[in-house]
Amino acid sequence: QLTSPFILYTGNIKPHKNLVRLIEAFAEFRKAGFDAVKLLIIGDEISRLPALRRAVHPHKLHKDVRFLGSYERHDGLRPTDHTLAILYRLARAFVFPSLYEGFGLPPLEAMASGTPVITSNVSSLPEVAGDAAMLVDPYDVDSIVDGLGRVVSDSALAADLRRRGMERAREFSWERSV
């Protein structure tokens with residue numbers, strides 16, 4: 001079902017992950033001429049946040065925003081690590097507009113996969129991302145839309161973020177951490 005270019009989010013779906021605002025930004029992004037791009041949200045227990053599913057309806061995005069399985073539970077709906085790695089590599093960009101994080105592992109996973117990353121300019125995320133991601137204001141829909149548009153439309157920028165992201169992810173290896 002993923003025959004179109006897509007933006008990817010993986011992680012949990014708690015309110016501080018800011019996914020309702022991401023869906024609002026995605027609606028504006030599509031209106032700005034990116035109507036072929038889809039949004040794939042892979043999260044745990046999506047049914048526990050009904051506002052997330054409801055957020056697609058006012059924008060008529062029910063065919064353009066896909067929710068996939070369970071990210072953390074092993075209930076048969078979770079994409080395998082192999083599938084998740086493929087999704088990271090196929091995504092036009094990875095977006096992580098969280099309002100706060102203790103660390104922020106999903107952006108590093110995306111960077112390690114060679115996916116351009118768009119993430120928040122707040123909390124620990126700028127420190128984790130360094131200069132290897134497009135930083136956006138997670139409270140500002142227009143900032144998220146701008147970040148999405150710049151990364152998806154500028155292949156040179158996307159390639160540069162891929163390169164810098166892979167370099168940045170290597171700085172956080174288990175061996176280096178130990």
Side-chain angles (χ1 to χ4, degrees), residues 1-27 29 34 37-53 55-56 61-62 64-130 132-136 138 144 147-148 151-152 158 161-162 164-166 168-170 172-174:
Q1 295 180 2
L2 294 173
T3 58
S4 301
F6 64 94
I7 306 294
L8 177 65
Y9 168 87
T10 64
N12 71 50
I13 51 90
K14 294 178 180 168
H16 76 273
K17 297 298 184 172
N18 203 25
L19 298 179
V20 171
R21 192 171 283 127
L22 171 59
I23 291 169
E24 293 170 11
F26 182 70
F29 167 74
F34 299 97
V37 179
K38 309 292 184 193
L39 175 61
L40 177 58
I41 297 175
I42 301 174
D44 63 323
E45 302 180 15
I46 289 170
S47 62
R48 285 192 166 186
L49 188 62
L52 186 57
R53 286 201 184 266
V56 302
L61 292 173
H62 50 280
D64 302 307
V65 176
R66 297 283 182 204
F67 298 97
L68 180 62
S70 172
Y71 182 73
E72 294 175 347
R73 294 184 350 221
H74 297 277
D75 58 7
L77 297 175
R78 180 188 188 273
T80 65
D81 290 341
H82 177 71
T83 301
L84 191 56
I86 290 169
L87 291 171
Y88 271 125
R89 287 192 298 273
L90 290 175
R92 294 291 296 273
F94 175 78
V95 62
F96 198 76
S98 183
L99 300 175
Y100 62 88
E101 290 296 318
F103 180 73
L105 192 57
L108 279 179
E109 289 177 345
M111 288 177 185
S113 298
T115 308
V117 171
I118 302 157
T119 194
S120 300
N121 65 1
V122 299
S123 189
S124 65
L125 292 164
E127 184 177 351
V128 170
M134 171 69 60
L135 299 179
V136 298
I144 299 169
L148 289 168
V151 172
V152 170
L161 289 174
R162 277 188 196 90
R164 287 189 281 159
M166 292 180 86
R168 182 70 175 168
R170 281 193 288 274
F172 291 91
S173 71
W174 288 116

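For the side chain to side chain donor-acceptor pair (under 3.5 Å) test, no residue two or more places apart in sequence or in another chain qualifies with Glu24. By the side-chain contact (heavy atoms from CB on, under 4.5 Å) test, Ala27 is found to be paired with His59, Leu61, residues two or more places apart in sequence or in another chain being considered. In this view, Ser98 and Glu101 satisfy the side chain to side chain donor-acceptor pair (under 3.5 Å) rule, not counting sequence neighbours. For the side-chain contact (heavy atoms from CB on, under 4.5 Å) test, residues two or more places apart in sequence or in another chain that qualify with Pro15 are Leu49. By the side chain to side chain donor-acceptor pair (under 3.5 Å) test, Arg162 pairs with no residue at all, sequence neighbours left out. In this structure Phe6 satisfies the ring pair (Phe, Tyr, Trp, His ring centres under 6.0 Å) test with no other residue, sequence neighbours excluded. Remark: Asn121 engages no residue in a side chain to side chain donor-acceptor pair (under 3.5 Å) (not counting sequence neighbours). Every side-chain contact (heavy atoms from CB on, under 4.5 Å) that Ala129 has, sequence neighbours left out, goes to Met111, Thr119, Ala133, Leu135. Every residue two or more places apart in sequence or in another chain that forms a side-chain contact (heavy atoms from CB on, under 4.5 Å) with Tyr100 is listed here: His16, Ser123.
Atoms CZ and CG, from Arg89 and Leu84 in turn, are 10.0 Å apart once rounded to the nearest 0.5 Å. With rounding to the nearest 0.5 angstrom, the CZ atom of Phe26 is 6.0 Å from the CG atom of Asp64. Separation of atoms CG (Leu161) and CE (Met166) is listed at 13.0 Å; rounding is to 0.5 Å. Interatomic distance, CZ of Arg66 versus CD1 of Ile42, reported as 13.5 Å (0.5 Å rounding).
Residues Val117 and Met134 form no side-chain contact, since every pair of their non-hydrogen atoms from C-beta on lies 4.5 Å or further apart. Side-chain contact between Leu105 and Phe172: absent, with no pair of heavy atoms (C-beta onward) separated by less than 4.5 Å. Within the 4.5 Å cutoff, side-chain heavy atoms of Val95 are placed close to those of Pro97. Using a 4.5 Å heavy-atom threshold, the side chains of Phe34 and Leu148 count as separate. Within the 4.5 Å cutoff, the side chain of Arg21 has heavy atoms near those of the Leu99 side chain. Side-chain contact between Leu87 and Thr83: present, with at least one pair of heavy atoms (C-beta onward) separated by less than 4.5 Å. Between Val37 and Ser4, every side-chain heavy-atom pair lies at or beyond the 4.5 Å cut-off.
Ring geometry for Tyr88 versus Phe94: interplanar angle of 30 to 60°, hence tilted.
When all heavy atoms of Pro116 and Val151 are compared, the pair lying nearest together is CB-CG1, 3.7 Å. What you find for Gly147 and Val136 is that their closest heavy atoms are CA-CG1, 3.9 Å. Taking each heavy atom of Ala93 and Thr115 in turn, the nearest pair found is C-CG2, 3.8 Å. Between Gly104 and Leu125, the shortest heavy-atom distance links the atoms CA-CD2, 4.0 Å. The nearest pair of heavy atoms linking Ser120 to Pro126 is O-CD, 3.8 Å.
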ask   = Can you check side chain to side chain contact (heavy atoms under 4.5 Å, CB included) on Lys17 and Asn12, steps first, answer last?
value = CA-CA 7 Å; Lys17 297 298 184 172; Asn12 71 50; 3.2 Å; yes
inquiry  = Apply side chain to side chain contact (heavy atoms under 4.5 Å, CB included) to residues Phe103 and Leu108 and explain how you reach the verdict.
reply    = CA-CA 10 Å; Phe103 180 73; Leu108 279 179; 3.5 Å; yes
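No option in Ile118, Leu19, Ile23 other than Leu19 meets the side chain to side chain contact (heavy atoms under 4.5 Å, CB included) test with Tyr9. The side chain to side chain contact (heavy atoms under 4.5 Å, CB included) with Ile7 is formed by just one residue from the set Leu22, Val152, Val65; it is Val152.
Residue pairs that meet the salt bridge (charged side-chain N to carboxylate O under 4.0 Å, His left out) test with at least one member in residues 110-128, sequence neighbours left out, do not exist here.
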